[in-house]
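Let me begin by presenting the structure, written as structure tokens, before commenting on it.
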Amino acid sequence: MIKVELRRFNTVHGTEANVMTLVSEPVKMLDEMTEPTFRTLLSMAKDDPDGLMDSDLQYRINGGLCEQDSYFVLIKDDEVLFAGSSEFDEYSSDIVSAAESLKAEALEPEGKVIYSDKKSPLLLKVGNVSFTDGADGRFVLVTDTGILISKVRTALDAIIILAVLSIFITAFVIIAWLFTGVIRPIDSLRKAAKEIGSGNLNFKLEREEKDEIGELCSDFEEMRRHLKTQIDSKDRYELDVREMVSNVSHDLKTPLTAIKGYAEGLLDGVADNPEKRNKYLKTIVVKAIDMTTLVDELSYFSKLDTNKLPYKFELLNAKNFFEDCFEDYSIELEMKNFATEFASEISPDIMVLLDVEQIRRVMNNLIGNAVKYRDENKDGKITVRLTDAEDSVRISVADNGIGISRASLPHIFDRFYRADKSRTAGRAGTGIGLAIVRKIVEEHGGRVFARSELGIGTTISFTIKKGAKQNGNQNINS
Ligand code: ADP
């Protein structure tokens, strides 16, 4: 005997029924499907009950229900007038008695949803019909839930398989991304940090991706390069200092040896006439002056480097100042057989703001170098030229000396740097003259440049900002 269970469904109409309903409550979904037909039949049962006996109508209704795995049954009294499926025969007595039992449940003329619990459960939707001849009847919409539920299960299985597959694929993609995008770069970062920790900076950390880790890698690489540059320059500085100490001690030793020799000569009476004695004494004085100049340059640089020298700026006529400055060397240069030229290409009233003592030292160093690095095979010539450079005046000291090699040129303003050792050998120097020049010029807000060709000559230029007198105040034009 079929077990009849009366259930009321909270019917969700039309399109609101969704896949979730199909999966979570398949019976409710089936109820939804046949609901429009059920409603039509209910209103027909009310308005034209006898019309339900029209067999054309019955087949039409049944045809529509077949597409929803359902069929139509019409019962008048206890007689089955229409049954839309051959399967009905198997359950006819159950269906009829189930429909009948609903009568006892005081079935309203509206539709009720009944769920028949059996192996392949049937969903029965029963409606009351009161025929015009006074006979009692019922129409039943029978839905075989088994067919649809198994379809749903198959779909559900497919969905589960798809879901599991997509979880696996997603997991694989995430793991692959984690490995190539996170773990591997972090591993290279870790290795790089270890290398830096052990003092090795000669590697390159490369990552082209522009994500956060890519940025971290490029910041790390930037830090490595920065550290390397600093360490390299510190190493070079230490090397330069060592070389400078050896140069200075050599440069001090040479005049000291001479002074010692000449002094001993005087003591031993080797200089036996006043003329000789005078010559010995003069040589001692010259050598002592050389030493003083060297020591003075070193101490000046150390003061300049630690910013201990105060600047006293004055507003001066550019042409007059530099012409006078160069003039001071003319006799000395003439004595050393140098031809000199002063060329001013600037307006004669241009003013510059400068510290006279410091700029004189700049000129002294540049002219001194032009003399020191002269080419002994030709007549020396030194030209000082003033040119206009927008808001500055450019001062160039050009010579026709030995020149500087292309490789050395970028370093000549570095402290303690002495270019082309083989050719500068025998010419005293510390390698700080041009470093002093650069420092002073930069303190004036200017820049230094060098142009040189081996065997042709060198031109060292620097700029000094033009100044103007305004309302009695001195300003630097910017
Ligand atoms: P130094 O005491 O050696 O002269 P500087 O700083 O004045 O030191 O110059 C640095 C180097 O630049 C010199 O050792 C020299 O090789 C090169 N140099 C500078 N000026 C000249 C120049 N006018 N002609 C050729 N070489 C020059």
Side-chain angles (χ1 to χ4, degrees), residues 236-237 239-255 289-305 326 329 332-333 336-341 358-385 394-443 447-462:
R236 220 185 56 214
Y237 179 76
L239 202 80
D240 287 347
V241 169
R242 249 179 278 147
E243 205 165 297
M244 192 267 306
V245 170
S246 114
N247 284 346
V248 169
S249 47
H250 174 263
D251 292 346
L252 287 174
K253 213 166 145 195
T254 317
I289 289 172
D290 278 357
M291 281 171 62
T292 315
T293 312
L294 190 61
V295 173
D296 184 47
E297 196 166 59
L298 281 171
S299 98
Y300 187 82
F301 182 74
S302 94
K303 276 190 207 145
L304 201 68
D305 209 27
F326 191 38
Y329 295 93
E332 191 187 334
L333 292 175
K336 288 179 176 165
N337 291 325
F338 273 96
T340 58
E341 185 191 347
Q358 312 269 27
I359 296 299
R360 272 185 179 277
R361 191 173 274 269
V362 167
M363 291 301 285
N364 182 58
N365 284 0
L366 297 184
I367 295 167
N369 276 352
V371 172
K372 188 158 57 173
Y373 300 108
R374 77 181 296 172
D375 186 344
E376 306 293 348
N377 302 321
K378 52 187 172 192
D379 294 337
K381 180 172 184 198
I382 299 175
T383 307
V384 171
R385 190 179 299 277
R394 180 197 287 248
I395 304 99
S396 310
V397 178
D399 63 51
N400 61 347
I402 57 171
I404 304 163
S405 72
R406 196 181 281 247
S408 297
L409 201 59
H411 306 293
I412 57 167
F413 293 104
D414 295 350
R415 48 191 170 177
F416 310 130
Y417 183 84
R418 301 207 71 207
D420 311 315
K421 291 178 181 63
S422 57
R423 289 173 318 106
T424 54
R427 302 171 208 243
T430 52
I432 52 176
L434 288 183
I436 290 175
V437 167
R438 183 169 69 177
K439 178 88 178 159
I440 293 175
V441 169
E442 283 175 356
E443 295 284 338
R447 293 180 62 202
V448 281
F449 318 85
R451 224 162 7 98
S452 188
E453 211 173 313
L454 281 178
I456 304 289
T458 303
T459 304
I460 311 273
S461 314
F462 63 97

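Ligands are counted one by one from 1 in listed order, and the atoms in each one are counted from 1 as well. In this chain, residues are counted from 1 in sequence order.
Not a single heavy atom of N365 sits less than 4.0 Å from an atom of ligand 1.
Shortest non-hydrogen contact noted between T458 and S452 is OG1-OG, 2.8 Å. Residues D375 and G455 share a closest heavy-atom pair of OD2-O, 4.5 Å.
Checking only distances, A435 never comes within under 3.5 Å of ligand 1, N or O to N or O.
Every residue was checked against the salt bridge (Lys or Arg N to Asp or Glu O under 4.0 Å) condition with K303, not counting sequence neighbours, and none meets it. The salt bridge (Lys or Arg N to Asp or Glu O under 4.0 Å) search around E453 returns none, not counting sequence neighbours.
The side-chain heavy atoms of V437 and L434, taken from C-beta on, include a pair separated by under 4.5 Å.
Just one of I367, D399, V371 meets the side chain to side chain contact (heavy atoms under 4.5 Å, CB included) condition when paired with F338; it is V371.
Close approach to K372 involves these atoms of ligand 1, each under 4.0 Å from a residue heavy atom: 1 (P), 2 (O), 4 (O). In the vicinity of D399, heavy-atom distances shorter than 4.0 Å reach the ligand 1 atoms 22 (C), 23 (N). Less than 4.0 angstrom separates some heavy atom of I412 from each of these atoms of ligand 1: 10 (C), 12 (O). Shown in contact with I404 at under 4.0 Å from a heavy atom are these atoms of ligand 1, numbered in order with element: 18 (N), 25 (C), 26 (N), 27 (C).
At a heavy-atom cutoff of 4.0 Å, ligand 1 is contacted by the backbone of I432 but not by its side chain.
Considering L366, L434, V397 only, the shortest heavy-atom separation from atom 6 (O) of ligand 1 involves L434.
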